[in-house]
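As structure tokens, the structure follows; a few thoughts come after it.
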2 protein chains.
Amino acid sequence: MRTASPKAPSESNLNTHLANSGLRLTPQRQRVHEVLREKMDHPTADQVFLRAKDKMPEISMATVYNCLDALVQCGLVRQVTLDRGATRYCPNMQDHSHFYCDNCGSVYDILQTISPEEADIKIPRGFRLDNIETNLHGLCPDCAAKAK
Amino acid sequence: MRTASPKAPSESNLNTHLANSGLRLTPQRQRVHEVLREKMDHPTADQVFLRAKDKMPEISMATVYNCLDALVQCGLVRQVTLDRGATRYCPNMQDHSHFYCDNCGSVYDILQTISPEEADIKIPRGFRLDNIETNLHGLCPDCAAKAK
DNA sequence: GCCTTGATTTAGAATAATTCTAAATCTTGA
DNA sequence: TCAAGATTTAGAATTATTCTAAATCAAGGC
Ligand SMILES: [Mn+2]
Ligand SMILES: [Mn+2]
Ligand SMILES: [Zn+2]
Ligand SMILES: [Zn+2]
């Protein structure tokens, strides 16, 4: 009997998180997560689908949505909704906020957040505050240059 | 010749803002804004449409979208996107943030924000930061009570 | 190993949300 | 009064997401 093949750290991490939510590690979920890590430009479900197909031509759109939902559910991916368009996905689970270019729609990670404590937000009695989402709006370097 | 009829402050405010953006004050735009002020529960375009129809049965969905866009453009209404569902609209132009119940989807105004200064956000060179959007996630009183 | 059971994937249909188009209507200002 | 442009409208078109039911897959019991 062969010993279990050593797993890449990201894969075992993936498996752990999925297992904790009662979900299985499947090639599709692996591929979707890989796509997100390859280019962290906060793609939409549709973009993930197109990129995932390169190495897995038989994957379907429904599966991409399923996988994204599974990854979000088990805490490996964040959903990012910034405008009226399609939802975007982010595999960076470090505490961070998003800079959104209101002109071209590009999204950047900003490795800085505002904690509930330092924000000193006072919410009315009865509410339960779980986390604070911060979105920075403005212009990306390209658009800012053109705007002058 | 009659003197101009005195306008309600909200109407003249509406007109001023629209005019500043080169837009006209129309009954439909007035009605849409009124609907938003009547019940500040952050309705979707569809909900605005249904409510607007009560007093203006001939208004169309396209017009509701047009009016909402016009009001957003001239700074009288804020767009609020919090999840994968439809965009919501808010006529409260005071600086405030939104509490979103991740369970039932209800939205509440929280009259407190984090200014770019006190947040002390450091954005990379070249970016132009215009404003910070803060969304508080958690459970509303009803859902928090049931969650126990 | 073989079978049962439940999880997952899949294609495609269905639905929801938004945008587009072109014609009709309204407003403004010459 | 008229021309030009803005706005509204219905409905088509598009985009985004969810649903459905059948096929496939994987794990655990025997
Ligand atoms: Mn991110
Ligand atoms: Mn609000
Ligand atoms: Zn940009
Ligand atoms: Zn709730």
Side-chain angles (χ1 to χ4, degrees), chain A residues 1 4-5 11 14-15 17-35 42-53 55-74 76-77 79-89 105, chain B residues 4 11 14-15 17-35 42-53 55-74 76-77 79-89 105:
Chain A
M1 189 233 242
S5 63
E11 182 187 333
L14 204 54
N15 191 21
H17 278 259
L18 286 165
N20 284 343
S21 297
L23 298 163
R24 291 184 192 155
L25 178 60
T26 66
Q28 289 86 349
R29 286 172 181 166
Q30 240 172 279
R31 178 72 186 125
V32 165
H33 195 240
E34 182 181 58
V35 163
H42 304 83
T44 63
D46 198 60
Q47 292 173 311
V48 172
F49 174 56
L50 292 175
R51 296 178 195 176
K53 278 209 291 196
K55 289 189 185 166
M56 191 179 265
E58 69 287 3
I59 197 170
S60 75
M61 191 67 213
T63 298
V64 168
Y65 271 106
N66 288 344
C67 290
L68 288 169
D69 287 348
L71 293 170
V72 167
Q73 203 195 318
C74 75
L76 282 166
V77 165
Q79 236 174 305
V80 183
T81 51
L82 290 162
D83 61 12
R84 217 148 60 173
T87 299
R88 294 149 166 278
Y89 296 86
Chain B
E11 182 186 333
L14 205 52
N15 191 21
H17 277 260
L18 286 164
N20 284 343
S21 297
L23 298 164
R24 293 182 191 155
L25 178 60
T26 66
Q28 289 85 350
R29 286 173 181 166
Q30 241 172 277
R31 177 72 185 124
V32 164
H33 195 239
E34 182 181 57
V35 163
H42 304 83
T44 62
D46 198 61
Q47 291 174 312
V48 172
F49 175 56
L50 293 175
R51 295 177 196 176
K53 278 209 291 195
K55 288 190 186 166
M56 192 179 264
E58 69 287 4
I59 196 169
S60 76
M61 191 69 213
T63 297
V64 168
Y65 270 106
N66 289 343
C67 291
L68 288 170
D69 286 348
L71 294 171
V72 167
Q73 203 195 316
C74 74
L76 281 166
V77 164
Q79 235 173 309
V80 182
T81 51
L82 290 162
D83 61 11
R84 216 145 64 172
T87 298
R88 293 148 167 278
Y89 296 87

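Just so we're on the same page: letters track the sequence lines, and every chain starts at 1.
For residues 58-69 of chain B, every residue pair satisfying the side-chain hydrogen bond (donor to acceptor under 3.5 Å, both in side chains) rule, not counting sequence neighbours, is listed here: A:R84-B:D69, B:S60-B:T63.
Legend: residues meeting side-chain hydrogen bond (donor to acceptor under 3.5 Å, both in side chains) with A:H33, ordered by chain and number and at least two apart, are A:R37. In this structure, the side-chain hydrogen bond (donor to acceptor under 3.5 Å, both in side chains) partners of A:E34, at least two apart in sequence or on a different chain, are A:R31. With sequence neighbours excluded, the residues that form a side-chain hydrogen bond (donor to acceptor under 3.5 Å, both in side chains) with A:D83 are A:Y100. Every residue two or more places apart in sequence or in another chain that forms a side-chain hydrogen bond (donor to acceptor under 3.5 Å, both in side chains) with A:R51 is listed here: A:D41.
The distance between atom CG of B:D83 and atom P of D:dA16, rounded to the nearest whole Å, is 16 Å. One atom, CZ of B:R24, and another, C1' of C:dT28, lie 6 Å apart when rounded to the nearest Å. In this structure, the CG atom of A:L25 is 14 Å from the C1' atom of C:dA7, given to the nearest Å. Atom-to-atom, CG of A:L18 to P of C:dA7 comes out at 15 Å; the value is rounded to the nearest Å. A:Q47 has its CD atom 13 Å from the C1' atom of D:dT15, to the nearest Å.
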Q.
Base contacts versus sugar-phosphate-only contacts with protein, heavy atoms under 4.0 Å: please encode nucleotides 9-18 of chain C as B, S and - from 5' to 3'.
A. BBBB----SB

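B:H42 places no side-chain N or O within donor-acceptor distance of the main-chain N or O of B:R88, the cut-off being under 3.5 Å.
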